[in-house]
2 protein chains.
Amino acid sequence: MINGPTEALPGNRTSGKKAVLSTIRNSAPVARIDIANATGLSPATVTSITADLILRGLLEEIPPEPAFSPANANTKRGRPRVNLQLRGAAHLVAGIKFSGKTTTLVIVNFVGTRVAEYSVPTPFDVQTAQQTCDFICTTLWQGLDKNGYSISDLSGVGIGLPGIVDALEGIIRWSPTLSERDVPLRDMLQSTLGINVFVENDANLVTLAEQQFGLGKTARNFIVITIEQGVGMGIVIDGKLIRGTNGSGAELGHTKVQLDGALCRCGQRGCLEAYVGDYALLREANSIMTNPKSEQFHHPTSTEIRMQKLVAEARDGNLIALSIFRRAGRMFALGLANVINIFAPELIILSGDRMQYDFLYDADVIEDMRNSIVQFGGPPPDVRVHKWSDHMWAMGAAAYAIEGVINTELQGVKKNVV
Amino acid sequence: MINGPTEALPGNRTSGKKAVLSTIRNSAPVARIDIANATGLSPATVTSITADLILRGLLEEIPPEPAFSPANANTKRGRPRVNLQLRGAAHLVAGIKFSGKTTTLVIVNFVGTRVAEYSVPTPFDVQTAQQTCDFICTTLWQGLDKNGYSISDLSGVGIGLPGIVDALEGIIRWSPTLSERDVPLRDMLQSTLGINVFVENDANLVTLAEQQFGLGKTARNFIVITIEQGVGMGIVIDGKLIRGTNGSGAELGHTKVQLDGALCRCGQRGCLEAYVGDYALLREANSIMTNPKSEQFHHPTSTEIRMQKLVAEARDGNLIALSIFRRAGRMFALGLANVINIFAPELIILSGDRMQYDFLYDADVIEDMRNSIVQFGGPPPDVRVHKWSDHMWAMGAAAYAIEGVINTELQGVKKNVV
DNA sequence: CTATTTAATTTGATTACCAAATTAAAATAC
DNA sequence: GTATTTTAATTTGGTAATCAAATTAAATAG
């Protein structure tokens, strides 16, 4: 069993295959000649590499369209190009999004088409490593069973969870859902499940999902902002996901937007999260709104319900509620602008599914952000909002698993024993 | 003439040589066996690659120490390793730091040893592209002449200047010293000088200098902060210098540390530079210090002299001056913490030579920074202060030129014409 | 002096890759 | 309808990069 996606050493002579597969993954369906142009390989080499990959069942040709079909209406003369794509049936992988609230599972084929999904509430907010491992395994087995699959059908499992994850080592350094630190979750799961496991930070997986399936398909430099409980971020530079020294980093939620500012859950002051997180908004609402309705923002009503009420207040024109959201939006714009000033990405993807965060994706906020970035270096980044559900986080985990399976597959090309 | 350092395409079969040279550059002197371990290449391959590079004059073996010398006192049994290093005499390159105030030139050999230097005041703050080109060429010719060299001795010139530089295309998108935009400075210089030219943003070159010659030699993830007129930054992730979409980015000086904060030269509000730049400090001093001495902070005294006086006031215990510096320090710590929260580098290098910025490198400031970064992800980054002069910026430019010359050299291995 | 240990090299493949020539499959010209 | 042109893909023949295994080199330990 080979460990996770790794770097390409100059020694391993698979860079050509990797480049070809990567091109096909990014822009399938694609013809050999385009692969040659995109990778810089010669057509001859592309022919030989693709022939090998087809033989091994990873790729397939797309049968040519019948004449006069819309697809080749604007046809040119010359031998028609034959498009290639990944062979969906080549591998089946699972992607799991684990959080303290819900655990979501998807099963996808090799091209990333979802063939099954399954979702269960997570029993506890915080668990031990062993409990977490057991729960993930049980969920996977149940999900497979309900959809008529078994673990032996899978070539890999990708798992995303919040916190600081050392993806290369497969160790969860810290997670809000774990009562322990430095948990070797990958190896624990791998030995229980008996197949390849890949773990990553959940925000990084959303980023991977955007890169593989979403708005990031065409961009080489982009960042993804996720808003759930906290504010997460994933960074892609030159087509590669950036990780900090310990797999940590990208803690946008705890960048400071105000000196000696609002108190954050992390104990520090002025964190972005302390201005845009729902607890921060409710805190403000509690402390200031003095009309009879204010009690509804207090415990023990659930955070979600109270947030919905606050949003409703703002929609009804309550000036205080509006002011609360407005400040949060301005702070968000400031935090975002800082990232842009540091990276100059071509694209920002604001990703999330909870409607109560719409105020952060408001045109005013985007405008604020645009007015806070350095102007000289070319056009400002494109800002796109992409709303989606937990399933897409799990899809990112699946994409990560596919990447891992491909690497395993390519590294597995050992020459025959003499 | 081949254009600047470029990416390694999978197609060009020089990755092994590049890896070997890179290892030697990072950790010379180094034995073949260590190169093999570091690169993942087999010892056989390292032997053959190094033999070729030695033949071509790029490398040389270090003659073994005589017995009982301190160097091999703790010797082990077995065949002794033979250390390798770059051959200094292989190439001579120039590095130039150009700014609106001073232009500094160094000439270094292939291992980065400085063999000559030359420095002249830049005649105008802002110039046209042609004037800039002419001035740089003249400076280079003069500098070479004074030290007994001629342009034909050089294999390349690296040039660093402030602003937004598209290093790949060799175009200065914008610079405070240029009256025009999108200046193709590399090609202009190249056709005038007749040798390979490489241009880059000056902060990126300091970063390169740290990586090649300085504190960054051992780190794979680090950032370099430079304080001159503005606040600059260079980012190295996984051993590679990060550039934004247009070669821009890393504008730490214009990240926002305060919503609707102090007015910055760039026209926006709350930029870090508007709190730590000398004009910002003097502005505060002017507006608030009402004692008779205050006039000395006004024009037309030069910025530098006025800054020195303000620093002296603080040293004498003037509470207002102290307060001005203290706030600047806190803001600096905040901006720095934000970068760390996003990148999680293992090392921060604070680089600069002007003593009046000592207050930013104060222990209090570092402490503030440490208290503003996310705690879970492992140890906080090491913070090192590295003071040096303009020469070292120029050394960075030279290091960049060496890199470019190496790439040219390796790409130039064309097979014989049939 | 012999055995051991480590570094480096040599030998003999194998593989990845490319340039150039060739074949394939279409549209267009006549 | 046949020849020509055009573009894609493949085949051919060869080169350069790389490796595994065996060998040689140069030291120390006993």
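A note on names: the letters A, B, ... follow the listed sequences, proteins ahead of strands, and every chain is numbered from 1. This one's a predicted model, so the numbers in the text were calculated from it and none came from an experiment.
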I'd like to know whether CZ of B:Arg87 has more than 12 heavy-atom contacts from other residues, nucleotides or ligands below 6.0 angstrom. yes
By the 4.0 Å heavy-atom rule, please label B:Val46 as base, sugar-phosphate, or nothing. nothing
Taking atom P of C:dA8 as reference, at what distance in whole Å does atom CG of B:Asn83 sit? 8 Å
May I have the distance from B:Ile62 (atom CD1) to C:dA7 (atom C1'), rounded to whole angstrom? 16 Å
Qualifying residue for side chain to side chain contact (heavy atoms under 4.5 Å, CB included) with A:Leu84, from A:Val20, A:Ile35, A:Ile62, A:Thr23: A:Ile35
Looking at side-chain heavy atoms only, is the closest gap between A:Leu59 and A:Leu21 below 4.5 Å? yes
Select one nucleotide: of D:dC19, D:dT5, C:dC17, the one nearest the side-chain heavy atoms of A:Arg77. D:dT5
Listed nucleotide nearest any side-chain atom of A:Arg79, set C:dC17, D:dA25, D:dT10: D:dT10
Can you tell me the distance, in whole Å, between the CG atom of B:Leu410 and the C1' atom of D:dA16? 14 Å
Tell me whether the OP1 or OP2 atom of C:dC17 has a side-chain N or O from A:Ser15 closer than 4.0 Å. yes
Of the listed nucleotides (C:dC17, D:dA9, C:dA7), which one gets closest to any side-chain atom of A:Leu41? C:dC17
Of B:Gly78 and A:Pro80, whose closest DNA chain C nucleotide lies nearer the 5' terminus? B:Gly78
Whole angstrom is fine here: how far is it from NZ in B:Lys18 over to P in D:dA16? 19 Å
Between D:dA27, C:dA7, D:dA9, which one does the side chain of B:Arg81 approach most closely? C:dA7
Just the rounded figure in Å: distance from P of C:dA16 to CG of A:Leu21. 13 Å
Which nucleotide, C:dA8, D:dA9, C:dA26, lies nearest any side-chain atom of A:Thr47? D:dA9
Of A:Leu53, A:Val405, A:Ile406, A:Thr50, which is the lone residue that meets side chain to side chain contact (heavy atoms under 4.5 Å, CB included) with A:Leu58? A:Leu53
Taking atom P of D:dA25 as reference, at what distance in whole Å does atom CD of B:Glu61 sit? 15 Å
B:Thr45 and B:Ser42: side-chain donor and acceptor closer than 3.5 Å? yes
Taking only the side-chain heavy atoms of A:Arg32 (C-beta and beyond), determine which of D:dT10, C:dA19, C:dA8 contains the nearest atom. D:dT10
As a test of reading the structure: which of D:dT4, C:dA8, D:dA20 is closest to the side chain of B:Ser42, going by heavy atoms? D:dA20
For B:Pro43, which contact category applies under a 4.0 Å heavy-atom criterion: base, sugar-phosphate, or nothing? base
B:Ile35 has an atom CD1; how far is it from atom C1' of C:dT9, in whole Å? 15 Å
Are B:Thr45 and D:dC19 close enough that a side-chain N or O sits under 4.0 Å from OP1 or OP2? yes
Residue pair A:Val108 / A:Thr113, side-chain heavy-atom distance below 4.5 Å: no
Separation of D:dA9 C1' from A:Ile49 CD1 (nearest whole Å): 15 Å
When you measure from the side chain of B:Ile33, which nucleotide among D:dT28, C:dA7, D:dC19 comes out closest? C:dA7
